[in-house]
Amino acid sequence: MSIIKSHDVTLYGGNEKYDIILKPLCDEHLPLLYKWNSDLEVLYWTEGADVSEPYGKETVHDIYEYVSQNAFCFRIEVNGTAIGECWLQKMNMPDVIAMYPENTYIRRIDMSIGEKDYWNKGIGTLLIGIIVDFAFNGEKVDVLHCFCDDYNKRSQRVWEKNGFTFVKKVKHEHSKNFIIY
């Protein structure tokens with residue numbers, strides 16, 4: 001039985017320097033997910049400052065099995081190299097859902113660039129642009145949100161460069177100051 005529920009959507013984008021392909025995430029990518037989720041520096045930027053130990057295989061399975069039931073989960077490839085993962089997920093935060101009328105189609109974006117050689121190169125900004133386009137033009141979402149910790153200025157810039165604006169700060173499981181865009 002599969003851990004990750006996959007799909008058949010592949011997204012393309014990039015610029016003259018970076019060819020970006022978002023491929024459906026599936027169980028064959030678990031070794032990469034284990035690698036990225038066992039790196040405390042990657043987890044610091046993606047999960048929060050309170051994460052003090054690497055995620056084990058069971059935790060990785062739990063995360064991706066749960067998320068993939070209500071999300072398009074992708075493996076990020078840049079110029080043919082797998083560098084991270086991202087997803088467009090049905091909103092699962094009650095406080096955010098409560099901000100909108102009952103039948104509003106709300107999604108959230110999450111991403112992680114696990115290969116540190118690809119940090120600070122503008123790739124996150126490009127790939128979020130690809131997902132935003134898919135969300136509004138492919139999935140016809142009404143509202144799209146993203147989240148990051150208040151100390152993660154790089155992530156904040158990625159969201160703002162893609163047209164997101166600050167909504168509010170909230171407390172979260174691993175963060176005292178979790179920002180909603």
Side-chain angles (χ1 to χ4, degrees), residues 7 9-15 17-23 25 36 41-51 63-64 66-68 70-78 83-116 118-181:
H7 55 83
V9 175
T10 301
L11 304 175
Y12 301 88
N15 61 18
K17 188 172 182 179
Y18 300 115
D19 181 34
I20 300 173
I21 303 175
L22 304 181
K23 293 184 175 180
L25 195 64
W36 298 327
E41 188 176 11
V42 172
L43 290 174
Y44 173 81
W45 293 110
T46 61
E47 301 299 321
D50 292 344
V51 177
I63 291 168
Y64 292 92
Y66 171 76
V67 169
S68 67
N70 291 298
F72 290 94
C73 296
F74 297 99
R75 179 180 75 172
I76 305 163
E77 285 190 9
V78 174
I83 68 156
E85 51 82 14
C86 61
W87 59 65
L88 178 66
Q89 178 183 2
K90 183 178 176 185
M91 181 53 69
N92 61 347
M93 295 181 70
D95 291 352
V96 175
I97 295 168
M99 294 167 44
Y100 300 98
E102 186 176 333
N103 292 320
T104 305
Y105 187 28
I106 311 164
R107 291 272 180 158
R108 62 181 279 180
I109 296 174
D110 292 270
M111 75 153 175
S112 172
I113 297 177
E115 297 297 328
K116 297 177 208 172
Y118 290 84
W119 289 2
N120 299 312
K121 307 237 185 257
I123 294 167
T125 299
L126 292 169
L127 78 92
I128 293 304
I130 296 166
I131 297 173
V132 167
D133 180 64
F134 173 63
F136 287 116
N137 296 315
E139 286 297 294
K140 307 297 185 203
V141 301
D142 296 315
V143 179
L144 189 56
H145 282 281
C146 50
F147 311 97
C148 64
D149 287 287
D150 64 349
Y151 63 81
N152 193 342
K153 302 302 181 198
R154 293 181 303 184
S155 185
Q156 291 171 39
R157 283 193 301 276
V158 165
W159 305 129
E160 290 166 0
K161 286 179 185 178
N162 278 285
F164 290 86
T165 57
F166 172 82
V167 175
K168 67 180 180 176
K169 283 186 184 184
V170 297
K171 292 186 187 282
H172 190 262
E173 179 181 0
H174 296 294
S175 174
K176 294 180 180 104
N177 293 305
F178 196 62
I179 297 177
I180 299 175
Y181 277 92

> Looking only at heavy atoms, what is the nearest atom pair of Thr46 and Met111, with distance?
Replying inline: CG2-O, 4.1 Å
> How far does CD1 of Ile21 sit from CD1 of Ile130, to the nearest 0.5 angstrom?
Replying inline: 9.5 Å
>> Could you check whether any side-chain heavy atom of Tyr64 comes within less than 4.5 Å of a side-chain heavy atom of Glu85, counting everything from C-beta outward?
In response: yes
>> Side chains of Ile106 and Met99, heavy atoms from C-beta outward: is any pair under 4.5 Å?
In response: no
> What's the verdict on side chain to side chain contact (heavy atoms under 4.5 Å, CB included) for Cys73 and Val67, showing C-alpha distance, side-chain angles and the deciding distance?
Replying inline: CA-CA 8 Å; Cys73 296; Val67 169; 3.8 Å; yes
> Quick one: does Trp45's side chain get under 4.5 Å of Lys116's, heavy atoms only?
Replying inline: no
> Do Ile83 and Ile123 pass the side chain to side chain contact (heavy atoms under 4.5 Å, CB included) test, and can you show the C-alpha distance, the side-chain angles, and the key distance before you say yes or no?
Replying inline: CA-CA 10 Å; Ile83 68 156; Ile123 294 167; 3.9 Å; yes
> How many angstroms lie between atom NZ of Lys161 and atom CG of Leu126, to the nearest 0.5 angstrom?
Replying inline: 9.0 Å
>> Check the orientation of Tyr100 and His145. Use parallel for under 30°, tilted for 30 to 60°, and perpendicular for over 60°.
In response: tilted
> What are the two closest non-hydrogen atoms of Cys148 and Gln156, and how far apart are they?
Replying inline: SG-CG, 3.5 Å
> Between Asn70 and Asn92, is any pair of side-chain heavy atoms under 4.5 Å apart?
Replying inline: no
>> Show the nearest heavy-atom pair for residues Val141 and Tyr105, with the distance to one decimal.
In response: CA-CD2, 3.4 Å
>> Please find the pair of heavy atoms, one from Val42 and one from Gly114, that lie closest to each other, and give the distance.
In response: CG2-O, 3.7 Å
> Is a side-chain donor or acceptor of Trp119 paired with a backbone partner of Ile113 at a separation under 3.5 angstrom?
Replying inline: yes
> Is there a side-chain contact between Lys17 and Lys121, using heavy atoms and a 4.5 Å cut-off?
Replying inline: no
> Rounded to the nearest 0.5 Å, what separation is found between the CG atom of Leu43 and the CH2 atom of Trp36?
Replying inline: 12.5 Å
> When you look at Tyr181 and Glu160, which way does the side chain to side chain contact (heavy atoms under 4.5 Å, CB included) test go after all the steps?
Replying inline: CA-CA 8 Å; Tyr181 277 92; Glu160 290 166 0; 2.8 Å; yes
> Going from CG on Leu22 to CH2 on Trp87, what distance comes out if it is rounded to the nearest 0.5 angstrom?
Replying inline: 14.0 Å
> Where is the tightest heavy-atom contact between Phe164 and Cys146, given as atom of each residue plus distance?
Replying inline: CD2-SG, 3.7 Å
> Which value, rounded to the nearest 0.5 Å, describes the distance between Thr104 atom OG1 and Met91 atom CE?
Replying inline: 11.5 Å
> Can you name the residues that form a side-chain hydrogen bond (donor to acceptor under 3.5 Å, both in side chains) with Asp133, not counting sequence neighbours?
Replying inline: Asn137
> Roughly how far, to the nearest 0.5 Å, is CZ of Arg75 from NZ of Lys23?
Replying inline: 5.5 Å
>> Checking Asn162 now: which residues fulfil side-chain hydrogen bond (donor to acceptor under 3.5 Å, both in side chains) with it, not counting sequence neighbours?
In response: none
> Would a 4.5 Å heavy-atom cut-off, applied to side chains only, mark Arg107 and Phe72 as touching?
Replying inline: yes
>> Just to verify, what does Phe136 make a ring pair (Phe, Tyr, Trp, His ring centres under 6.0 Å) with, not counting sequence neighbours?
In response: none
>> Show the nearest heavy-atom pair for residues Leu11 and Phe74, with the distance to one decimal.
In response: CD1-CZ, 3.7 Å
